[in-house]
Student: 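Before we start, here is the structure in question, set down as structure tokens.
This one's a predicted model, so the numbers in the text were calculated from it and none came from an experiment.
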Number of protein chains: 2
Amino acid sequence: MEYVKELLKDTPLKATPQRLAILKEIYEAGHIDLESIYKNLSNSFPSMSLATVYKNIHTLKKYGVIKELAISGSKSKYEIAKQKPHHHLICKVCGSVIDIEIDTSFLKKQLKDLKDFEVTNCDIYCYGICSRCKNKTSG
Amino acid sequence: MEYVKELLKDTPLKATPQRLAILKEIYEAGHIDLESIYKNLSNSFPSMSLATVYKNIHTLKKYGVIKELAISGSKSKYEIAKQKPHHHLICKVCGSVIDIEIDTSFLKKQLKDLKDFEVTNCDIYCYGICSRCKNKTSG
DNA sequence: ATAATTGCAAATTTTTTGCAGGTTC
DNA sequence: GAACCTGCAAAAAATTTGCAATTAT
């Protein structure tokens, strides 16, 4: 619980048990959608209301504690924001998300000189099939 | 209208006036969200129902005629799928989307040898501020 | 003590569905 | 004429809101 509490230290947000439980869920899952957070917590935290999850996702995103991954064709997933810069592999079959480090110096080079747009950050989503699903299909 | 009709030729989809109007709207807008399609068409096509827009977006996406851009923090936008490969600049202020061609050879090189994932395609979303919004802010 | 947060229930918004009538190929 | 598509209205799902009671700092 201490790790997730740390995540709030630069924000005005209070460390309520509900909020910490939500953060812990995201932290442990790596990437998780809102409804799954709620369902998973319903066991360990029966009083948790869905509205609280919504409100927290909104607030945590607003303060940059978590980051939303908007995934084409399925629900958004959330991850802890403060991590080493990385991008994402997304399995088209099972929907799982895997972090990947990509050297983006080439990209920055290409974007630096745009004259009608000033880029601050890029998200790279790589779609394909994970080894687990691939083995199921071909095996 | 002929251009958008062409887009359906490799699919089993019928060229209804509603469907063509939706495609034309997406084609002309470049990138547009579902509700805007409906609202824009409500003038020129008063009988168009929202359910028809939903059903068409779903079907057109399924057959690869259009592509969904999942944008973190706002509604998905749709674009015509058959275009020269490109990626997207997204203005954080006004939400506008601009196509950009990026040389992704660097990326492919890095993704080719992953052993636990087989990448089929990548989407690059570059966030920042467009010149129009920048001029408003600083001017 | 103060301001923020929760949980609930209700309201709102978004998306899906079933079906009768009409249309495309 | 067969299969598909539309529009409507209703249903279902997702998200937001207001507020009284509670809790963190």
Student: From the options dT24(C), dG7(C), dT5(C), select the nucleotide whose nearest atom is closest to the side chain of S47(A).
Tutor: dG7(C)

Student: In this structure, how many angstroms lie between the C1' atom of dT16(C) and the CG atom of L50(B), rounded?
Tutor: 11 Å

Student: Examine dT6(C): is either OP1 or OP2 under 4.0 Å from a nitrogen or oxygen in the side chain of T16(A)? Give yes or no.
Tutor: yes

Student: Pick base, sugar-phosphate or nothing for T52(B), based on heavy-atom distances below 4.0 Å to the nucleic acid.
Tutor: base

Student: Taking the side chain as every heavy atom from C-beta outward, state whether I100(B) and C126(B) have any atom pair closer than 4.5 Å.
Tutor: no

Student: Choosing from dA9(C), dA3(C), dT24(C), which nucleotide comes nearest the side chain of K14(A)?
Tutor: dA3(C)

Student: Can you tell me how far apart CG (L41(B)) and OG (S49(B)) are? Round to the nearest 0.5 Å.
Tutor: 11.5 Å

Student: Evaluate the side-chain proximity of I26(B) to I57(B): yes if any heavy-atom separation is below 4.5 Å, no if none is.
Tutor: yes

Student: I need the CD-P distance between E35(B) and dT15(C), as an integer number of Å.
Tutor: 9 Å

Student: From H31(A) NE2 over to E79(A) CD, what is the distance, rounded to the nearest 0.5 angstrom?
Tutor: 4.5 Å

Student: Just verifying a value: how many Å separate K109(A) NZ and L107(A) CG, rounded to the nearest 0.5 Å?
Tutor: 11.0 Å

Student: Nearest 0.5 Å, what's the CD1-CD1 distance between I66(B) and I37(B)?
Tutor: 6.5 Å

Student: Among residues 54-71 of chain A, which ones have heavy-atom contacts with DNA chain D below 4.0 Å?
Tutor: Y54(A), K55(A)

Student: Tell me whether I129(A) is reachable from I90(A) by hopping between hydrophobic residues (I, L, V, M, F, W, Y) whose side-chain heavy atoms are closer than 4.5 Å.
Tutor: no

Student: How many whole angstroms separate atom NZ of K39(B) from atom P of dT13(C)?
Tutor: 11 Å

Student: Describe, in one word, how the ring planes of H88(A) and H86(A) are oriented to each other, choosing from parallel (under 30°), tilted (30 to 60°) and perpendicular (over 60°).
Tutor: perpendicular

Student: Walking along DNA chain D from 5' to 3', note the first and the last nucleotide with an atom under 4.0 Å from a heavy atom of chain B, and give both.
Tutor: dA3(D) to dC8(D)

Student: Which part of the nucleic acid, if any, lies within reach of L34(A) when heavy atoms closer than 4.0 Å are counted: base, sugar-phosphate only, or nothing?
Tutor: nothing

Student: Begin with the C-alpha distance, continue with both residues' side-chain angles, and end with the deciding distance and a verdict on side chain to side chain contact (heavy atoms under 4.5 Å, CB included) for V97(B) and I71(B).
Tutor: CA-CA 10 Å; V97(B) 177; I71(B) 301 170; 4.1 Å; yes

